[in-house]
Amino acid sequence: MVMVAIAAIALNVMSPGAAMALTPPLLETTPVAGEPSDVMREIGEAVGNEGDAAVDGNKIRFTSWALNTTIGEDGTITSSAVEPQWREVTFADDGSTRMVITAGVPFDGAPTENLPEPGTLLEDTTYEAGSEEFGLTFREEPPTDPSAVGDYLQRAIGLEAPSLGDYFIAVGGLLSTRILTGEQENALVMFLSEQNDLRIAGSTTDRLGREGIVLRASGRLAGYQDYLIISRSGQILASETIYAGDDRDDIPSPAVVEYTAWER
């Protein structure tokens, strides 16, 4: 399976016109042998001390991009590409948290005339200890028991019956606001491995040049698919959301509408 090949077929039928926003290229994938549960269990068992060394001490760093979409009063959908953002979250000894956001490097082919230069400071905010403005969703310590992960994520996102896609989004939020131990990350991976609707989309090289296994989930939003990319050693590297529906004319189908890549 090659996601880019699928995209090429769609673009031959519906090439982006003036009203269509350019989106990042889809990642290429190659098939992975084995049942999803077996592949995931093998990955989960590989998680060890590497999870503790995934960040630089007290910091989380990641690049993210999301399509800027607005819906007019008449229902017209308009989308435009925006700059990717590089974020560094620093946890200080006094309990405060500093968030620094700078402009990232646009993807190839993206319009750049209205975008800030890469490296431009966009935000530098310090949140005092106990502030409810940062990381409120994941105040509880993440579990190390896979059987406790579902309830933990469900409490955090406040949904009575989360889909696997909802869990994917919750995992992304967790990785962006907390530093996980190897045991905590292992619990996340093992929990995902036990979900019946988990699918393996193949292996890929992510947007930071790292090899990983692509996990796919659907059901969160009609016409959209959520993905997580996990290394063979069990680290969660990136997340992506792809539109694959047929009810939008502001972007092609399929198209990347959001991604995050953690530096780990």
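When a residue number appears, it is its place in the shown sequence, counting from 1.
With sequence neighbours left out, the salt bridge (charged side-chain N to carboxylate O under 4.0 Å, His left out) criterion links Glu140 to Arg155. Under the side-chain hydrogen bond (donor to acceptor under 3.5 Å, both in side chains) criterion, Asp197 pairs with no residue at all, not counting sequence neighbours. Judged as a salt bridge (charged side-chain N to carboxylate O under 4.0 Å, His left out), and not counting sequence neighbours, Glu132 has no contacts. Applying the side-chain hydrogen bond (donor to acceptor under 3.5 Å, both in side chains) criterion to Asp38, with sequence neighbours excluded, gives no partner residue. Scored by the salt bridge (charged side-chain N to carboxylate O under 4.0 Å, His left out) test, Arg98 finds Asp124 as partners (sequence neighbours excluded). When the side-chain hydrogen bond (donor to acceptor under 3.5 Å, both in side chains) test is applied to Ser193, no partner is found at least two apart in sequence or on another chain. Remark: Thr102 pairs with no residue by the side-chain hydrogen bond (donor to acceptor under 3.5 Å, both in side chains) rule, at least two apart or across chains.
Applying the side-chain hydrogen bond (donor to acceptor under 3.5 Å, both in side chains) definition to pairs two or more places apart or across chains, those involving residues 205-214 are Asp206-Arg210, Arg207-Glu240. Within the structure, the side-chain hydrogen bond (donor to acceptor under 3.5 Å, both in side chains) test picks out the following pairs touching residues 86-95 (sequence neighbours left out): Lys59-Thr90, Arg61-Glu88, Gln85-Arg87, Trp86-Glu263, Asp94-Ser96. Listed by first then second residue, pairs satisfying ring-ring contact (aromatic ring centres under 6.0 Å, His included) with a partner in residues 156-179 read Tyr167-Phe191, not counting sequence neighbours. Applying the ring-ring contact (aromatic ring centres under 6.0 Å, His included) test to residues at least two apart or on different chains, the pairs with a partner in residues 109-135 are Tyr127-Phe134.
The residue from Leu188, Asp226, Asp166 that alone fulfils the side-chain contact (heavy atoms from CB on, under 4.5 Å) condition with Val171 is Leu188.
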Side-chain atoms of residues 105-121: list all donor-acceptor pairs with protein atoms under 3.5 Å, sequence neighbours left out, distances to 0.1 Å.
| residue | atom | partner | partner atom | Å |
| --- | --- | --- | --- | --- |
| Thr120 | OG1 | Glu117 | N | 3.4 |
| Thr120 | OG1 | Glu117 | O | 2.6 |

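The environment of Glu141 atom CD is dense: over 12 non-hydrogen atoms of other residues, nucleotides or ligands sit within 6.0 angstrom.
Checking side-chain atoms of Glu185 against main-chain N and O of Ile236 turns up a donor-acceptor pair under 3.5 Å.
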